[in-house]
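Here the structure is a predicted model, which is why all the values come from computation and not from measurement.
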Amino acid sequence: MRTKAFYRSIAMVFASAFITSFFAASPASATGNTPAPFISAPSNNATVIDNFTFSFSLPADPFAGGVSLIIASESSRYSRTLALNQTVAGSYTLTFNPFLSDTELVSNYTQYFSSSSSNLANVSAPGAMPIGTYSVTLAYIDAQGDPPSMAQLPVVNFTTHCLTGTFSTTGGIPLGGTCTPAPIGSYVDTQAATAATACPNNGTTNAAGSTSVSACHQSETQTTSLTSPTQGSTFVGSMTVDFRLPETALSNSVKIKIYDATYSRVITLTTATSGDHSVAFNPLLSDAELAQSLPSEVASSITTSNSQAFNAALPIGTYHVSIEHQDIFGNPASVTAVPLVFLTSECEPGSFSTSGGKNVQGACTTASLGHYVDTPGATSELPCAKGSYASGTGAWRCTIAAPNFYVDTEGASAAIACPAKYTSAAGSTSSSACKAPKPAIKYCVIKKGKIASVSCLAKAASTKIPAKAKTSITLNKADKSRCALIKGALVGKAKGTCRVTLKVTPTRGKAKNYATRVKVT
(Lines give C-alpha, C1' and ligand atoms only; values in the text may rest on other atoms or scores of the structure.)
Protein backbone atom coordinates (compact mmCIF):
# COMPACT_ATOMS: atom_id res chain seq x y z
CA MET A 1 0.00 0.00 0.00
CA ARG A 2 1.39 3.39 -0.94
CA THR A 3 1.81 5.88 1.96
CA LYS A 4 1.87 9.68 2.12
CA ALA A 5 5.66 9.50 2.52
CA PHE A 6 5.79 7.65 -0.79
CA TYR A 7 3.85 10.42 -2.53
CA ARG A 8 5.98 13.10 -0.89
CA SER A 9 9.14 11.44 -2.22
CA ILE A 10 7.59 11.41 -5.68
CA ALA A 11 6.75 15.13 -5.27
CA MET A 12 10.33 15.86 -4.26
CA VAL A 13 11.65 13.96 -7.28
CA PHE A 14 9.19 15.83 -9.47
CA ALA A 15 10.25 19.19 -8.05
CA SER A 16 13.93 18.38 -8.49
CA ALA A 17 13.39 17.24 -12.05
CA PHE A 18 11.36 20.33 -12.80
CA ILE A 19 14.00 22.62 -11.35
CA THR A 20 16.70 20.95 -13.41
CA SER A 21 14.71 21.36 -16.61
CA PHE A 22 13.48 24.85 -15.71
CA PHE A 23 16.99 26.18 -15.20
CA ALA A 24 18.66 24.24 -18.00
CA ALA A 25 18.84 27.42 -20.05
CA SER A 26 20.48 29.45 -17.26
CA PRO A 27 23.94 31.05 -17.75
CA ALA A 28 27.09 29.08 -17.18
CA SER A 29 27.57 28.41 -13.50
CA ALA A 30 30.04 30.39 -11.48
CA THR A 31 32.30 28.81 -8.92
CA GLY A 32 29.79 28.71 -5.99
CA ASN A 33 26.21 27.63 -5.25
CA THR A 34 23.11 29.82 -5.16
CA PRO A 35 22.50 30.72 -1.47
CA ALA A 36 19.50 28.80 -0.11
CA PRO A 37 16.19 30.71 0.13
CA PHE A 38 14.06 30.65 3.31
CA ILE A 39 10.28 30.13 3.68
CA SER A 40 8.88 31.91 6.79
CA ALA A 41 5.16 31.30 6.22
CA PRO A 42 3.18 29.16 6.22
CA SER A 43 4.63 26.46 8.43
CA ASN A 44 4.81 22.84 7.40
CA ASN A 45 1.47 20.99 7.88
CA ALA A 46 -0.41 24.30 7.70
CA THR A 47 -3.96 24.45 6.35
CA VAL A 48 -4.73 27.16 3.79
CA ILE A 49 -8.35 28.21 3.27
CA ASP A 50 -9.14 30.23 0.11
CA ASN A 51 -6.23 32.72 0.19
CA PHE A 52 -2.61 31.54 0.37
CA THR A 53 -0.19 33.86 2.18
CA PHE A 54 3.38 32.88 1.27
CA SER A 55 6.36 34.68 2.90
CA PHE A 56 9.96 34.02 1.89
CA SER A 57 13.45 35.54 1.74
CA LEU A 58 16.01 35.55 -1.11
CA PRO A 59 19.54 35.98 0.30
CA ALA A 60 20.96 36.98 -3.13
CA ASP A 61 19.76 38.85 -6.19
CA PRO A 62 18.11 36.28 -8.48
CA PHE A 63 18.74 35.71 -12.14
CA ALA A 64 16.04 37.44 -14.24
CA GLY A 65 13.11 35.04 -14.43
CA GLY A 66 14.97 32.67 -12.18
CA VAL A 67 12.53 32.46 -9.22
CA SER A 68 9.77 29.83 -9.25
CA LEU A 69 7.04 28.66 -6.87
CA ILE A 70 6.06 25.02 -7.45
CA ILE A 71 2.89 23.52 -5.91
CA ALA A 72 2.71 19.74 -6.41
CA SER A 73 0.14 17.25 -5.14
CA GLU A 74 1.27 14.27 -3.06
CA SER A 75 0.34 11.83 -5.81
CA SER A 76 1.96 14.03 -8.50
CA ARG A 77 -1.36 14.02 -10.30
CA TYR A 78 -1.33 17.83 -10.16
CA SER A 79 1.41 20.43 -10.27
CA ARG A 80 1.56 24.18 -10.86
CA THR A 81 4.64 26.25 -11.58
CA LEU A 82 4.49 30.00 -11.04
CA ALA A 83 7.27 32.24 -12.37
CA LEU A 84 7.82 35.09 -9.87
CA ASN A 85 8.74 38.68 -10.71
CA GLN A 86 11.34 39.21 -7.94
CA THR A 87 14.66 40.62 -9.25
CA VAL A 88 16.51 41.63 -6.06
CA ALA A 89 17.35 39.95 -2.77
CA GLY A 90 14.99 40.58 0.16
CA SER A 91 11.91 39.40 2.04
CA TYR A 92 8.57 39.06 0.27
CA THR A 93 4.96 38.17 1.09
CA LEU A 94 2.49 37.04 -1.58
CA THR A 95 -1.23 36.60 -0.93
CA PHE A 96 -3.29 35.01 -3.70
CA ASN A 97 -6.12 32.57 -4.41
CA PRO A 98 -4.44 29.28 -5.42
CA PHE A 99 -7.69 27.84 -6.79
CA LEU A 100 -7.84 30.16 -9.81
CA SER A 101 -6.89 28.98 -13.30
CA ASP A 102 -3.44 29.79 -14.73
CA THR A 103 -4.83 32.65 -16.79
CA GLU A 104 -6.74 34.14 -13.82
CA LEU A 105 -3.71 33.89 -11.55
CA VAL A 106 -1.45 35.84 -13.92
CA SER A 107 -4.06 38.48 -14.79
CA ASN A 108 -5.21 39.00 -11.18
CA TYR A 109 -1.73 39.04 -9.62
CA THR A 110 0.50 40.73 -12.16
CA GLN A 111 2.49 42.21 -9.29
CA TYR A 112 3.56 38.68 -8.28
CA PHE A 113 3.67 36.40 -11.34
CA SER A 114 4.90 36.64 -14.93
CA SER A 115 3.53 33.22 -15.94
CA SER A 116 1.78 30.11 -14.65
CA SER A 117 1.55 26.60 -16.04
CA SER A 118 -0.25 23.56 -14.65
CA ASN A 119 -0.13 19.83 -15.19
CA LEU A 120 -3.73 18.74 -14.81
CA ALA A 121 -3.40 15.07 -15.58
CA ASN A 122 -6.38 13.11 -14.30
CA VAL A 123 -8.00 16.21 -12.78
CA SER A 124 -11.75 16.40 -13.42
CA ALA A 125 -11.87 20.22 -13.53
CA PRO A 126 -9.08 21.38 -15.87
CA GLY A 127 -7.66 24.84 -15.23
CA ALA A 128 -8.47 25.01 -11.54
CA MET A 129 -6.56 23.54 -8.61
CA PRO A 130 -8.54 21.00 -6.52
CA ILE A 131 -8.43 20.91 -2.73
CA GLY A 132 -5.88 18.51 -1.28
CA THR A 133 -2.44 18.09 0.26
CA TYR A 134 0.52 19.57 -1.62
CA SER A 135 4.22 20.25 -1.33
CA VAL A 136 5.31 23.86 -1.80
CA THR A 137 8.79 24.45 -3.25
CA LEU A 138 10.58 27.79 -3.74
CA ALA A 139 13.48 27.50 -6.23
CA TYR A 140 15.82 30.09 -7.72
CA ILE A 141 19.27 30.70 -9.23
CA ASP A 142 21.30 33.73 -8.31
CA ALA A 143 22.35 36.44 -10.75
CA GLN A 144 25.80 34.78 -11.23
CA GLY A 145 24.11 31.70 -12.62
CA ASP A 146 25.25 29.39 -9.83
CA PRO A 147 23.48 26.04 -9.51
CA PRO A 148 19.86 26.45 -8.34
CA SER A 149 18.85 26.26 -4.70
CA MET A 150 15.45 25.57 -3.15
CA ALA A 151 13.39 25.50 0.07
CA GLN A 152 10.40 23.22 0.51
CA LEU A 153 7.33 22.68 2.71
CA PRO A 154 6.54 18.98 2.24
CA VAL A 155 2.94 19.20 3.52
CA VAL A 156 0.51 22.10 3.02
CA ASN A 157 -3.23 21.43 3.02
CA PHE A 158 -5.12 23.57 0.50
CA THR A 159 -8.89 23.83 0.84
CA THR A 160 -11.72 26.29 0.25
CA HIS A 161 -14.45 27.63 2.55
CA CYS A 162 -17.62 25.91 3.70
CA LEU A 163 -20.78 27.22 2.06
CA THR A 164 -23.77 28.69 3.92
CA GLY A 165 -25.73 26.03 5.74
CA THR A 166 -22.51 24.17 6.63
CA PHE A 167 -19.46 24.60 8.87
CA SER A 168 -16.24 23.01 10.07
CA THR A 169 -13.83 23.63 12.92
CA THR A 170 -11.54 25.59 10.56
CA GLY A 171 -14.23 27.11 8.36
CA GLY A 172 -12.83 25.17 5.38
CA ILE A 173 -13.83 21.94 3.65
CA PRO A 174 -12.03 19.06 5.45
CA LEU A 175 -9.65 17.19 3.13
CA GLY A 176 -11.23 13.94 2.04
CA GLY A 177 -14.54 14.96 3.59
CA THR A 178 -17.27 17.59 3.58
CA CYS A 179 -18.42 20.44 5.79
CA THR A 180 -20.96 19.59 8.49
CA PRO A 181 -24.56 20.68 7.74
CA ALA A 182 -26.16 22.90 10.39
CA PRO A 183 -28.02 20.52 12.73
CA ILE A 184 -31.79 20.72 13.12
CA GLY A 185 -32.53 23.65 15.43
CA SER A 186 -29.68 25.78 14.06
CA TYR A 187 -28.56 27.61 10.91
CA VAL A 188 -25.40 28.95 9.20
CA ASP A 189 -25.96 32.19 7.27
CA THR A 190 -22.33 32.95 6.37
CA GLN A 191 -19.58 31.22 4.42
CA ALA A 192 -16.48 29.82 6.13
CA ALA A 193 -18.36 29.37 9.41
CA THR A 194 -16.70 27.49 12.26
CA ALA A 195 -19.96 26.75 14.10
CA ALA A 196 -23.71 26.77 13.60
CA THR A 197 -25.98 29.34 15.32
CA ALA A 198 -28.78 27.99 17.51
CA CYS A 199 -32.29 29.16 16.69
CA PRO A 200 -33.46 31.90 19.08
CA ASN A 201 -36.01 31.20 21.81
CA ASN A 202 -35.30 27.45 21.70
CA GLY A 203 -36.73 27.30 18.18
CA THR A 204 -36.18 24.51 15.70
CA THR A 205 -35.91 23.92 11.93
CA ASN A 206 -37.54 21.39 9.65
CA ALA A 207 -34.25 19.96 8.34
CA ALA A 208 -30.46 20.16 8.70
CA GLY A 209 -28.46 22.62 6.63
CA SER A 210 -30.61 25.73 7.16
CA THR A 211 -29.03 28.90 5.78
CA SER A 212 -31.10 31.60 7.55
CA VAL A 213 -32.77 32.39 10.87
CA SER A 214 -36.00 32.61 8.92
CA ALA A 215 -35.97 28.80 8.81
CA CYS A 216 -36.34 28.75 12.62
CA HIS A 217 -39.71 28.38 14.27
CA GLN A 218 -41.27 27.04 17.45
CA SER A 219 -44.63 25.55 18.32
CA GLU A 220 -45.80 28.02 20.99
CA THR A 221 -44.96 31.22 22.86
CA GLN A 222 -43.30 30.63 26.22
CA THR A 223 -45.08 31.72 29.41
CA THR A 224 -44.61 35.28 30.66
CA SER A 225 -44.16 35.52 34.45
CA LEU A 226 -45.75 38.34 36.46
CA THR A 227 -44.31 39.05 39.93
CA SER A 228 -46.11 42.34 40.67
CA PRO A 229 -48.90 43.19 41.26
CA THR A 230 -50.11 40.27 43.37
CA GLN A 231 -53.70 39.29 44.01
CA GLY A 232 -55.44 41.51 46.58
CA SER A 233 -52.90 44.35 46.24
CA THR A 234 -54.00 47.96 46.67
CA PHE A 235 -52.29 50.68 44.65
CA VAL A 236 -52.76 54.33 45.52
CA GLY A 237 -51.85 56.61 42.62
CA SER A 238 -48.86 54.70 41.22
CA MET A 239 -48.65 51.01 40.28
CA THR A 240 -45.57 48.97 39.35
CA VAL A 241 -45.78 46.00 37.00
CA ASP A 242 -42.78 43.64 37.31
CA PHE A 243 -42.51 40.82 34.78
CA ARG A 244 -40.05 38.50 33.05
CA LEU A 245 -39.96 37.74 29.33
CA PRO A 246 -38.58 34.22 28.85
CA GLU A 247 -37.61 34.99 25.25
CA THR A 248 -37.24 37.80 22.75
CA ALA A 249 -40.73 39.05 21.95
CA LEU A 250 -42.27 40.04 18.66
CA SER A 251 -42.11 43.83 18.21
CA ASN A 252 -45.09 45.64 19.81
CA SER A 253 -46.51 42.39 21.19
CA VAL A 254 -45.74 43.05 24.88
CA LYS A 255 -48.90 44.46 26.47
CA ILE A 256 -50.09 45.39 29.96
CA LYS A 257 -53.86 45.08 30.22
CA ILE A 258 -56.06 46.48 33.03
CA TYR A 259 -59.70 45.45 32.74
CA ASP A 260 -62.99 44.58 34.44
CA ALA A 261 -66.44 43.86 33.08
CA THR A 262 -66.77 47.45 31.83
CA TYR A 263 -63.36 48.96 31.21
CA SER A 264 -60.31 47.80 29.30
CA ARG A 265 -57.00 49.67 29.17
CA VAL A 266 -54.18 48.30 27.00
CA ILE A 267 -50.62 49.67 27.23
CA THR A 268 -48.39 48.41 24.40
CA LEU A 269 -44.73 48.43 25.47
CA THR A 270 -41.71 48.96 23.24
CA THR A 271 -39.59 46.50 25.21
CA ALA A 272 -38.97 43.15 23.51
CA THR A 273 -35.78 41.73 25.02
CA SER A 274 -35.82 38.68 27.23
CA GLY A 275 -35.25 39.13 30.97
CA ASP A 276 -36.71 41.14 33.84
CA HIS A 277 -38.63 44.37 33.25
CA SER A 278 -40.39 46.91 35.49
CA VAL A 279 -42.89 49.61 34.49
CA ALA A 280 -44.28 52.16 37.01
CA PHE A 281 -47.26 54.39 36.17
CA ASN A 282 -50.52 55.86 37.48
CA PRO A 283 -53.22 53.60 36.00
CA LEU A 284 -56.02 56.14 36.59
CA LEU A 285 -54.57 58.92 34.41
CA SER A 286 -56.13 59.78 31.09
CA ASP A 287 -54.58 58.30 27.95
CA ALA A 288 -52.88 61.61 27.13
CA GLU A 289 -51.49 62.04 30.66
CA LEU A 290 -50.33 58.43 30.75
CA ALA A 291 -48.60 58.84 27.39
CA GLN A 292 -46.64 61.78 28.84
CA SER A 293 -45.58 59.80 31.92
CA LEU A 294 -44.70 56.75 29.79
CA PRO A 295 -42.78 58.23 26.82
CA SER A 296 -42.43 56.47 23.48
CA GLU A 297 -39.25 54.75 24.70
CA VAL A 298 -41.46 52.76 27.10
CA ALA A 299 -44.92 52.57 25.51
CA SER A 300 -45.82 52.78 21.83
CA SER A 301 -49.59 53.13 22.37
CA ILE A 302 -52.22 53.44 25.12
CA THR A 303 -55.91 52.78 24.54
CA THR A 304 -58.83 52.71 26.95
CA SER A 305 -62.45 51.77 26.24
CA ASN A 306 -65.58 50.75 28.08
CA SER A 307 -68.62 48.74 27.11
CA GLN A 308 -70.56 51.87 26.13
CA ALA A 309 -68.07 54.14 24.38
CA PHE A 310 -64.47 55.27 24.37
CA ASN A 311 -63.32 56.71 27.69
CA ALA A 312 -59.86 58.17 28.25
CA ALA A 313 -59.61 57.43 31.98
CA LEU A 314 -60.34 54.62 34.43
CA PRO A 315 -62.36 55.16 37.61
CA ILE A 316 -61.19 53.74 40.91
CA GLY A 317 -62.20 50.14 41.42
CA THR A 318 -61.13 46.49 41.39
CA TYR A 319 -59.52 45.22 38.18
CA HIS A 320 -57.68 42.32 36.59
CA VAL A 321 -54.08 43.03 35.51
CA SER A 322 -52.35 40.91 32.85
CA ILE A 323 -49.08 40.81 30.91
CA GLU A 324 -48.80 39.16 27.49
CA HIS A 325 -46.40 38.75 24.57
CA GLN A 326 -45.88 36.84 21.34
CA ASP A 327 -42.66 35.11 20.35
CA ILE A 328 -40.71 36.28 17.30
CA PHE A 329 -42.28 33.48 15.25
CA GLY A 330 -45.75 34.99 15.68
CA ASN A 331 -47.25 32.13 17.69
CA PRO A 332 -50.36 32.99 19.76
CA ALA A 333 -49.67 35.24 22.74
CA SER A 334 -48.88 33.96 26.22
CA VAL A 335 -51.06 35.73 28.83
CA THR A 336 -50.51 35.81 32.62
CA ALA A 337 -53.22 37.56 34.68
CA VAL A 338 -53.73 38.56 38.33
CA PRO A 339 -57.37 39.09 39.42
CA LEU A 340 -58.67 41.46 42.07
CA VAL A 341 -56.22 44.36 42.19
CA PHE A 342 -57.69 47.51 43.75
CA LEU A 343 -56.70 50.75 42.02
CA THR A 344 -57.51 54.04 43.70
CA SER A 345 -56.47 57.68 43.88
CA GLU A 346 -55.01 59.56 46.83
CA CYS A 347 -57.09 61.11 49.56
CA GLU A 348 -57.21 64.91 49.22
CA PRO A 349 -55.78 67.23 51.91
CA GLY A 350 -58.21 67.38 54.82
CA SER A 351 -58.85 63.62 54.65
CA PHE A 352 -56.99 60.32 55.11
CA SER A 353 -57.25 56.53 55.12
CA THR A 354 -55.13 53.64 56.33
CA SER A 355 -53.86 53.11 52.76
CA GLY A 356 -53.74 56.78 51.83
CA GLY A 357 -56.28 56.15 49.08
CA LYS A 358 -60.02 56.39 48.59
CA ASN A 359 -62.25 53.41 49.29
CA VAL A 360 -64.49 51.69 46.74
CA GLN A 361 -67.09 54.44 47.19
CA GLY A 362 -64.42 57.05 46.49
CA ALA A 363 -64.38 58.41 50.04
CA CYS A 364 -61.77 59.02 52.74
CA THR A 365 -62.09 59.85 56.46
CA THR A 366 -62.24 63.60 57.05
CA ALA A 367 -59.96 65.18 59.65
CA SER A 368 -61.76 65.48 63.03
CA LEU A 369 -62.18 68.61 65.17
CA GLY A 370 -58.84 69.97 66.34
CA HIS A 371 -56.96 68.03 63.66
CA TYR A 372 -55.76 68.58 60.10
CA VAL A 373 -54.27 66.80 57.03
CA ASP A 374 -52.07 69.00 54.86
CA THR A 375 -50.82 66.46 52.23
CA PRO A 376 -52.55 64.22 49.68
CA GLY A 377 -52.43 60.46 50.26
CA ALA A 378 -52.15 60.77 54.05
CA THR A 379 -52.60 57.69 56.23
CA SER A 380 -53.44 59.61 59.45
CA GLU A 381 -54.52 63.01 60.77
CA LEU A 382 -52.40 65.38 62.87
CA PRO A 383 -53.47 67.36 65.99
CA CYS A 384 -53.28 71.14 65.80
CA ALA A 385 -50.30 72.46 67.75
CA LYS A 386 -50.62 74.75 70.79
CA GLY A 387 -51.47 78.26 69.72
CA SER A 388 -53.77 77.00 66.92
CA TYR A 389 -57.06 75.12 66.53
CA ALA A 390 -59.48 73.62 64.01
CA SER A 391 -63.10 74.47 64.69
CA GLY A 392 -64.51 72.21 61.96
CA THR A 393 -63.89 68.80 60.37
CA GLY A 394 -61.90 68.27 57.17
CA ALA A 395 -59.32 70.99 57.89
CA TRP A 396 -56.17 70.98 55.79
CA ARG A 397 -54.54 73.55 58.09
CA CYS A 398 -55.12 74.95 61.59
CA THR A 399 -56.27 78.47 62.51
CA ILE A 400 -53.82 80.58 64.53
CA ALA A 401 -55.23 81.97 67.79
CA ALA A 402 -56.23 85.60 67.29
CA PRO A 403 -54.81 88.45 69.44
CA ASN A 404 -56.27 88.48 73.01
CA PHE A 405 -56.86 84.69 72.74
CA TYR A 406 -54.71 81.64 73.49
CA VAL A 407 -54.68 77.83 72.97
CA ASP A 408 -52.80 75.90 75.64
CA THR A 409 -53.42 72.29 74.43
CA GLU A 410 -52.83 70.23 71.27
CA GLY A 411 -55.84 69.17 69.23
CA ALA A 412 -57.98 72.12 70.30
CA SER A 413 -61.17 72.97 68.43
CA ALA A 414 -61.43 76.56 69.76
CA ALA A 415 -59.32 79.38 71.24
CA ILE A 416 -59.76 80.73 74.80
CA ALA A 417 -60.31 84.46 75.36
CA CYS A 418 -58.13 86.45 77.78
CA PRO A 419 -59.91 88.15 80.73
CA ALA A 420 -61.65 91.47 79.99
CA LYS A 421 -59.26 94.25 79.08
CA TYR A 422 -56.32 91.77 79.10
CA THR A 423 -54.30 91.43 75.87
CA SER A 424 -52.12 88.77 74.16
CA ALA A 425 -50.27 88.30 70.84
CA ALA A 426 -51.60 86.12 68.00
CA GLY A 427 -50.74 82.43 68.41
CA SER A 428 -50.39 82.61 72.20
CA THR A 429 -50.00 79.18 73.83
CA SER A 430 -50.69 79.98 77.53
CA SER A 431 -52.95 82.04 79.77
CA SER A 432 -49.80 83.71 81.07
CA ALA A 433 -49.57 85.41 77.69
CA CYS A 434 -52.62 87.51 78.68
CA LYS A 435 -51.37 90.83 80.11
CA ALA A 436 -53.27 93.36 82.31
CA PRO A 437 -53.91 96.77 80.75
CA LYS A 438 -51.51 99.57 81.68
CA PRO A 439 -53.08 102.57 83.52
CA ALA A 440 -53.51 105.75 81.50
CA ILE A 441 -50.87 108.41 82.14
CA LYS A 442 -52.24 111.61 83.76
CA TYR A 443 -50.72 115.07 83.37
CA CYS A 444 -50.79 118.36 85.24
CA VAL A 445 -51.36 120.78 82.34
CA ILE A 446 -50.06 124.37 82.61
CA LYS A 447 -49.31 127.13 80.18
CA LYS A 448 -45.87 128.41 79.41
CA GLY A 449 -44.69 130.76 82.19
CA LYS A 450 -47.30 129.52 84.69
CA ILE A 451 -46.82 127.69 87.99
CA ALA A 452 -47.99 124.08 88.52
CA SER A 453 -49.93 124.06 91.78
CA VAL A 454 -49.36 121.34 94.34
CA SER A 455 -53.00 120.27 94.06
CA CYS A 456 -52.60 119.90 90.26
CA LEU A 457 -49.55 117.74 90.76
CA ALA A 458 -51.33 115.62 93.38
CA LYS A 459 -54.30 115.07 91.09
CA ALA A 460 -52.01 113.98 88.23
CA ALA A 461 -50.37 111.56 90.69
CA SER A 462 -53.84 110.21 91.66
CA THR A 463 -53.39 111.11 95.32
CA LYS A 464 -54.63 113.63 97.88
CA ILE A 465 -52.55 115.75 100.18
CA PRO A 466 -53.54 115.39 103.85
CA ALA A 467 -54.22 118.53 105.86
CA LYS A 468 -51.18 120.22 107.29
CA ALA A 469 -48.89 117.91 105.30
CA LYS A 470 -45.66 119.32 103.94
CA THR A 471 -44.79 119.05 100.21
CA SER A 472 -41.69 119.44 98.06
CA ILE A 473 -41.02 119.08 94.31
CA THR A 474 -38.00 117.55 92.54
CA LEU A 475 -37.48 118.07 88.76
CA ASN A 476 -35.87 115.48 86.48
CA LYS A 477 -32.57 117.01 85.39
CA ALA A 478 -33.12 116.02 81.78
CA ASP A 479 -36.26 118.16 81.62
CA LYS A 480 -34.77 121.50 82.83
CA SER A 481 -35.06 122.96 79.34
CA ARG A 482 -38.87 122.74 79.58
CA CYS A 483 -39.48 123.36 83.32
CA ALA A 484 -37.75 125.15 86.22
CA LEU A 485 -38.02 125.22 90.02
CA ILE A 486 -38.27 128.76 91.29
CA LYS A 487 -38.45 129.13 95.05
CA GLY A 488 -39.79 125.58 95.33
CA ALA A 489 -42.51 126.14 92.73
CA LEU A 490 -42.53 124.41 89.30
CA VAL A 491 -42.76 126.88 86.38
CA GLY A 492 -43.27 125.97 82.70
CA LYS A 493 -40.50 127.28 80.43
CA ALA A 494 -41.19 125.67 77.01
CA LYS A 495 -43.73 123.37 75.38
CA GLY A 496 -43.21 119.75 76.25
CA THR A 497 -43.39 117.28 79.11
CA CYS A 498 -41.53 117.42 82.40
CA ARG A 499 -41.11 114.54 84.85
CA VAL A 500 -41.28 115.50 88.49
CA THR A 501 -41.48 113.85 91.91
CA LEU A 502 -43.92 115.17 94.50
CA LYS A 503 -42.90 114.38 98.05
CA VAL A 504 -45.68 114.44 100.64
CA THR A 505 -44.83 114.40 104.34
CA PRO A 506 -47.95 114.06 106.60
CA THR A 507 -47.95 115.27 110.16
CA ARG A 508 -48.00 111.66 111.18
CA GLY A 509 -46.44 108.76 109.33
CA LYS A 510 -43.73 108.41 106.73
CA ALA A 511 -43.20 110.64 103.73
CA LYS A 512 -44.21 109.29 100.30
CA ASN A 513 -42.93 110.15 96.82
CA TYR A 514 -45.30 110.34 93.84
CA ALA A 515 -43.99 110.39 90.29
CA THR A 516 -46.05 112.52 87.97
CA ARG A 517 -45.81 114.55 84.79
CA VAL A 518 -46.40 118.14 83.78
CA LYS A 519 -47.41 119.09 80.26
CA VAL A 520 -46.48 122.64 79.23
CA THR A 521 -48.65 124.09 76.45
Side-chain angles (χ1 to χ4, degrees), residues 228-241 258 278 280-286 288-290 292-294 312-319 321 340-441:
S228 176
T230 56
Q231 184 170 343
S233 300
T234 294
F235 291 94
V236 179
S238 181
M239 176 175 71
T240 299
V241 177
I258 304 170
S278 183
F281 59 97
N282 185 339
L284 302 184
L285 295 176
S286 68
E289 292 170 325
L290 193 51
Q292 290 180 343
S293 66
L294 290 175
L314 294 180
I316 64 174
T318 301
Y319 294 88
V321 177
L340 304 178
V341 175
F342 182 61
L343 307 178
T344 185
S345 57
E346 295 177 324
C347 294
E348 288 88 2
S351 63
F352 66 96
S353 71
T354 55
S355 67
K358 298 177 180 178
N359 59 23
V360 178
Q361 290 75 35
C364 297
T365 302
T366 55
S368 59
L369 293 175
H371 293 73
Y372 71 101
V373 178
D374 60 352
T375 59
T379 57
S380 63
E381 61 182 358
L382 299 172
C384 291
K386 291 181 179 181
S388 64
Y389 64 96
S391 59
T393 59
W396 62 273
R397 66 179 180 181
C398 298
T399 303
I400 301 299
N404 305 330
F405 288 81
Y406 66 93
V407 178
D408 57 1
T409 60
E410 292 185 345
S413 59
I416 302 171
C418 289
K421 297 184 179 180
Y422 277 62
T423 59
S424 66
S428 294
T429 60
S430 171
S431 60
S432 61
C434 297
K435 303 297 181 183
K438 295 181 180 180
I441 298 176

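When the side-chain contact (heavy atoms from CB on, under 4.5 Å) test is applied to Ile400, the partners found at least two apart in sequence or on another chain are Ser388. Partners of Thr240 according to the side chain to side chain donor-acceptor pair (under 3.5 Å) rule, which considers only residues two or more places apart in sequence or in another chain, do not exist here.
Tested against Ile316 for a side-chain contact (heavy atoms from CB on, under 4.5 Å), the candidates Val236, Leu284, Leu343 yield a single pass: Leu284.
Counting all heavy atoms, side chain and backbone alike, Thr366 lies closest to Phe352 at O-CE2, 4.0 Å. Across all non-hydrogen atoms, the minimal contact from Asn282 to Leu290 is O-CD1, 3.6 Å. Contact record, Ala367 with Ala395: CB-O, 3.9 Å, taken as the closest heavy-atom pair.
No side-chain heavy atom of Asn359 sits under 4.5 Å from any side-chain heavy atom of Cys364. Under the 4.5 Å side-chain criterion, counting only non-hydrogen atoms from C-beta, Pro376 is not in contact with Glu348. Arg397 places none of its side-chain heavy atoms less than 4.5 Å from the side chain of Asp374. Using a 4.5 Å heavy-atom cutoff, the side chains of Leu285 and Gln292 are not in contact. The shortest side-chain heavy-atom distance between Phe235 and Pro283 does not fall under the 4.5 Å cut-off.
Within the 3.5 Å criterion, the main-chain N or O of Phe342 finds no donor-acceptor partner in the side chain of Thr234. Formation of a donor-acceptor pair under 3.5 Å by the Glu381 side chain with backbone atoms of Ser368 is found in this model. Checking side-chain atoms of Thr375 against main-chain N and O of Ala378 turns up no donor-acceptor pair under 3.5 Å.
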Indicate every side-chain donor-acceptor pair of residues 401-425 with a distance under 3.5 Å to a residue at least two apart or in another chain.
unit_1 : atom_1 : unit_2 : atom_2 : d
Asn404 : OD1    : Ser424 : N      : 3.2
Ser424 : OG     : Asn404 : N      : 3.0
Ser424 : OG     : Phe405 : N      : 3.1
Ser424 : OG     : Phe405 : O      : 3.1

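We find the OG1-NZ distance between Thr344 and Lys358 to be 7.0 Å, quoted to the nearest 0.5 Å. Atoms OH and SG, from Tyr372 and Cys398 in turn, are 6.0 Å apart once rounded to the nearest 0.5 Å.
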